[in-house]
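Below is one structure, written out as structure tokens, with a few remarks after it.
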2 protein chains.
Amino acid sequence: MRVLIIEDDPLHRSFLQEAVRAALPECREVLEAANGVTGEELARSHGAEQIILDLQMPGRNGIEAARSIWRERPETRILFWSNYSDEAYVRGVSRIVPDGAAYGYVLKSAAEERLKLALRSIFIENQCVIDREVRGLQQKSLGPNNGFSDTEYEILVDVALGLTDRIIARRRNLSLRSVQNRLQQLYDKLEVYHSLGEETGAINLRTRAVTNALLRKLLNYSALEKAEAELQEWLKQSAVDR
Amino acid sequence: MRVLIIEDDPLHRSFLQEAVRAALPECREVLEAANGVTGEELARSHGAEQIILDLQMPGRNGIEAARSIWRERPETRILFWSNYSDEAYVRGVSRIVPDGAAYGYVLKSAAEERLKLALRSIFIENQCVIDREVRGLQQKSLGPNNGFSDTEYEILVDVALGLTDRIIARRRNLSLRSVQNRLQQLYDKLEVYHSLGEETGAINLRTRAVTNALLRKLLNYSALEKAEAELQEWLKQSAVDR
DNA sequence: ATAGATCTTGCGGGTTCCCGCAGGACGCCG
DNA sequence: CGGCGTCCTGCGGGAACCCGCAAGATCTAT
């Protein structure tokens with residue numbers, strides 16, 4: 001067996017190296033990469049089947065790397081190893097995991113023992129291991145009760161990117177009014193109205209919705225970065241269409 | 001000599017412990033805290049005069065901790081030890097450092113040797129040590145040429161918090177039109193107009209300004225968090241006034 | 001199949017935003 | 001002192017936003 005570690009922090013990298021050697025004695029080689037780009041290259045050139053992946057890295061982040069790795073070999077087993085359980089990350093991961101793939105999500109704050117257990121479960125038993133805390137988020141956020149549906153999330157992102165209602169309508173193939181309806185749902189769910197004092201009209205709903213989403217970690221830097229890239233792509237595309 | 005380490009990541013904590021012991025043999029005791037709150041308590045109860053402080057921590061973050069520590073004992077020597085050189089952090093630190101205080105800002109990605117040198121310079125020689133990269137940011141961002149003046153930054157924050165022009169005017173003691181003038185400067189400096197395709201009117205200037213600021217790390221989570229707290233404070237205050 | 005819930009769309013209006021224009025206040029310098 | 005640049009301020013108008021109302025469309029369930 002061979003394991004690839006993609007992690008930018010050298011301390012965490014050597015810690016992972018250590019943990020892998022201890023938990024997986026059958027592992028005969030451990031590769032290391034310090035960022036997303038070289039990580040992908042290594043994964044491709046060595047045909048890595050077991051990967052430990054940090055989500056937050058400068059440049060190409062973990063989610064992008066995972067997506068392109070899984071696109072080539074969906075059976076790759078990936079353990080996400082992250083500092084945070086931001087809803088933006090959790091959502092991003094859920095969105096890209098292929099059907100039936102074995103993966104894991106363990107927080108860096110977890111005890112070393114948990115990490116080792118997760119390593120064996122995923123890489124040997126081929127089972128999913130999701131940190132309890134992350135699991136809770138998944139259920140809450142993906143259930144339609146309290147959380148945000150995919151379409152609502154799309155609109156939220158569009159608003160955050162600074163698109164006009166009209167452009168959002170064009171991009172998502174909706175009428176202007178429908179976009180505004182969805183916006184109202186958003187304002188409701190994000191509790192934009194109560195976020196300031198009771199001064200009516202004291203608030204710009206649009207930007208406040210975005211910062212509320214940021215404050216509750218529904219959005220974060222890497223989500224914005226990714227969304228921005230997709231938007232630029234779409235802009236090029238739609239310029240051609242017209 | 002006694003050194004206090006405030007850092008949430010256990011790996012980095014023990015690494016710092018090690019580095020301090022190696023670089024400062026005259027240090028007879030090293031205290032550790034895993035978050036801002038207990039860090040402040042330890043600093044107070046032990047009268048710590050040398051502190052190594054992580055900026056990004058859950059809950060009470062490094063900037064808040066530093067501010068309250070420096071408020072009590074401005075002669076405390078603090079080494080900021082951070083993953084990032086976001087302009088938001090750099091600006092936040094510059095804003096709170098007392099006159100003549102010795103402090104340092106070293107990135108976690110720096111070589112171990114740099115860290116040790118910085119430790120000696122700050123804690124023994126009482127000299128400031130600012131990472132080159134951070135230094136560059138400081139000069140660029142605080143000079144009025146290319147960067148943002150304090151008043152512009154204030155307005156940017158207010159916009160990000162979702163305040164209306166009218167409320168911003170009231171908060172900053174300006175007329176409505178002045179606020180809007182400043183907004184136009186902001187849109188200009190943040191290059192809001194060119195951030196999308198040349199489609200005129202395709203863009204909501206207000207929210208786009210915020211995300212542009214986020215994307216270039218002029219704002220980040222902890223800056224928003226802090227600004228939100230100050231806003232709530234002001235809301236209470238102004239409710240009393242009225 | 002019929003009723004009810006949910007989603008979409010159009011219309012209309014009140015409000016806020018964005019900004020050009022122009023007048024006034026203040027400091028600087030020859 | 002008279003010009004000049006910079007900032008603050010008011011006015012006005014076009015555009016975008018927020019949202020109540022109401023008529024279709026779609027889907028579900030009994």
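In the text below, chain A, chain B and the rest are named by the order of the sequence lines, each starting its count at 1.
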Evaluate the salt bridge (Lys or Arg N to Asp or Glu O under 4.0 Å) criterion for residues Glu7(B) and Lys108(B): first the C-alpha distance (whole Å), next the side-chain angles of each, then the deciding distance (0.1 Å), finally the verdict.
CA-CA 12 Å; Glu7(B) 158 71 67; Lys108(B) 288 187 180 178; 3.2 Å; yes
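- Considering only side-chain N and O atoms, Tyr187(A) lies nowhere under 4.0 angstrom from the phosphate OP1 or OP2 of dC17(D).
- The separation between Leu183(A) atom CG and dT15(C) atom P is 21 Å, rounded to whole Å.
- Following rounding to the nearest Å, Arg208(B) (CZ) and dC18(C) (C1') show an atom-to-atom distance of 18 Å.
- For Gln184(B), whose side chain is taken as the heavy atoms from C-beta onward, the closest listed nucleotide among dG20(C), dC17(C), dC18(D) is dG20(C).
- Ring orientation note: the planes of Phe80(B) and Tyr105(B) are tilted relative to one another, at an angle of 30° to 60°.
- OP1 or OP2 of dC19(C) lies within a sub-4.0 Å distance of a side-chain N or O belonging to Tyr193(B).
- Between the CD1 atom of Ile155(B) and the P atom of dC7(D) there is a distance of 14 Å, given to the nearest Å.
- The separation between Arg166(B) atom CZ and dC18(C) atom P is 14 Å, rounded to whole Å.
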Which is it for Glu72(B) and Arg67(B) under the salt bridge (Lys or Arg N to Asp or Glu O under 4.0 Å) test, yes or no, and what are the steps along the way?
CA-CA 9 Å; Glu72(B) 286 185 28; Arg67(B) 190 168 49 171; over 6 Å; no
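- The distance from atom CD1 of Ile203(B) to atom C1' of dC17(C) is 14 Å, rounded to the nearest whole Å.
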Spell out protein contact along nucleotides 4-14 of chain C as letters: B when the base is contacted, S when just the sugar-phosphate is, - when no protein heavy atom is under 4.0 Å; keep the 5' to 3' order.
----BBBB---
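- Salt bridge annotation for Asp86(A)-Arg91(A): absent, with no cationic side-chain nitrogen under 4.0 angstrom from a carboxylate oxygen.
- Pairs of residues two or more places apart, or lying in two chains, never qualify as salt bridge (Lys or Arg N to Asp or Glu O under 4.0 Å) while including a residue from residues 177-188 of chain B.
- Spacing between atom CG of Asn204(B) and atom C1' of dA15(D) amounts to 12 Å, rounded to whole angstrom units.
- A search for salt bridge (charged side-chain N to carboxylate O under 4.0 Å, His left out) contacts involving Arg135(B) returns nothing, not counting sequence neighbours.
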